[in-house]
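Note that ligands are numbered from 1 as they come in the structure, with each ligand's atoms numbered from 1 the same way. Since this is a predicted model, take the numbers as computed values, not measurements.
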Amino acid sequence: EKAGYKHFMAKEIAEQPVVLADALKHYVADDGNSALQALDFSGVDRLTLVACGTAHYACHVAKYWFESLAGLPCDIDIASEFRYREPPLSDKGWALFVSQSGETADTLAALRYARDKVAKVLSVVNVPTSSIARESDLALPILAGVEVGVASTKAFTCQLAVLALMALKAGRDRGRLTAEEHATHIADFRLLPGLMNHALSLAPEIEKLAEQLAEAQDVLFLGRGQMYPLALEGALKLKEISYIHAEGYASGELKHGPIALIDSRVPVIVLAPRDHLFEKTVSNMQEVMARHGKVLLMSDAAGVTEAGAGCWRTLTLPKVPDVFAPILYAIPAQLLAYHTAIAKGTDVDQPRNLAKSVTVE
Ligand code: M6R
């Protein structure tokens, strides 16, 4: 069942280029026609995305996409807060629930709260027969295949893939993207499986980094813009399976508190492709280095050349079209957590205290 891998998590990380390509094939035909044709975002005044854990971080990335690619006002929330907060919703708005299992109790309750308050209830699920799928007006499958490891990996990148394709469709419907721009993004998307294979080939290098990371008591992850939710996801993955205390922060928040934690024992993992926000993140990174923090910079060759000096370690990822960087950078974050857990000897597929599907609140 593990197909020669030591753990389901390793198998599921490795499957990502293939399942992502499958999802793309399902949603975008060779002639560019999309299975999302039935969704028309033009009259939607607000999109509310609700989920738990890793699925919530997928929503968090999607907020950046829906806002910048489609100009669509977007709220995100964790389901356990949303369901009791009595949030007012717009009857011209849509609510979107993201869940691998489709059975998470809080997410299901949030869906039931929203159902008669919005124009449409959508879900993005891995299990098409699940409660959340059945109770939605439209359930969009992520087509990741069965995910056994408690730490979500391929479901996260497939959720991101479906959400990105939705945001691109919304961009067309709302006149934010021309047909040409849309086609360029889709062509860029088609590069992802190849880039993901490249990222997977960095596993031996990541394994060496992980051996050193395994010594740490606390680890910080930093990201800016759409890489901020990736910092949160990287920290969740690490704490979940290696039991190392980890926190994700928006790079710009560092000086508002967390910088007090920095000393020579705290590794700070910076997720920063060389994009339009890179310079800003580099200056935050320098603040860390000035306090003897150990920076691990994950960037592309241009970023590592420009800002790698003085870092504790660097990891060079392939250059990726800006929009899709969160999908690619998920892979080194997952591999780093996986190999750190292996170095610590924890139970990677079944970490203590955790269940794959949280069906109680
Ligand atoms: O099945 P769901 O996607 O609704 O599950 C949500 C979370 O419980 C889940 O993502 C959890 O955070 C994972 N263990 C993260 O790796």
Please list the nearest protein heavy atom to [atom] with its residue and the distance rounded to 0.1 Å.
atom: atom 14 (N) of ligand 1; result: E240 OE2, 2.4 Å
atom: atom 8 (O) of ligand 1; result: V358 CG2, 4.1 Å
atom: atom 1 (O) of ligand 1; result: S101 OG, 2.7 Å
atom: atom 6 (C) of ligand 1; result: C52 O, 3.3 Å
atom: atom 5 (O) of ligand 1; result: T104 OG1, 3.5 Å
atom: atom 15 (C) of ligand 1; result: T54 OG1, 3.0 Å

| Does any N/O atom on T107 come nearer than 3.5 Å to any N/O atom on ligand 1? |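 N/O-N/O distance below 3.5 Å does not exist for this pair.
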| query | Would one find an N or O of V150, backbone or side chain, under 3.5 Å from an N or O of ligand 1? | reply | yes
| field | Contacting atoms of ligand 1, where contact means under 4.0 angstrom from a heavy atom of A55 | value | 3 (O), 10 (O)
| query | At a 4.0 Å threshold, what atoms of ligand 1 neighbour a non-hydrogen atom of S152? | reply | 15 (C), 16 (O)
| request: May I ask you to decide if the ring planes of F82 and Y113 are parallel, tilted or perpendicular, using 30° and 60° as cut-offs? | output: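 Geometry flag for Y113 against F82: perpendicular rings.
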| task | May I ask whether K237 places a heavy atom under 4.0 Å from ligand 1? | result | yes
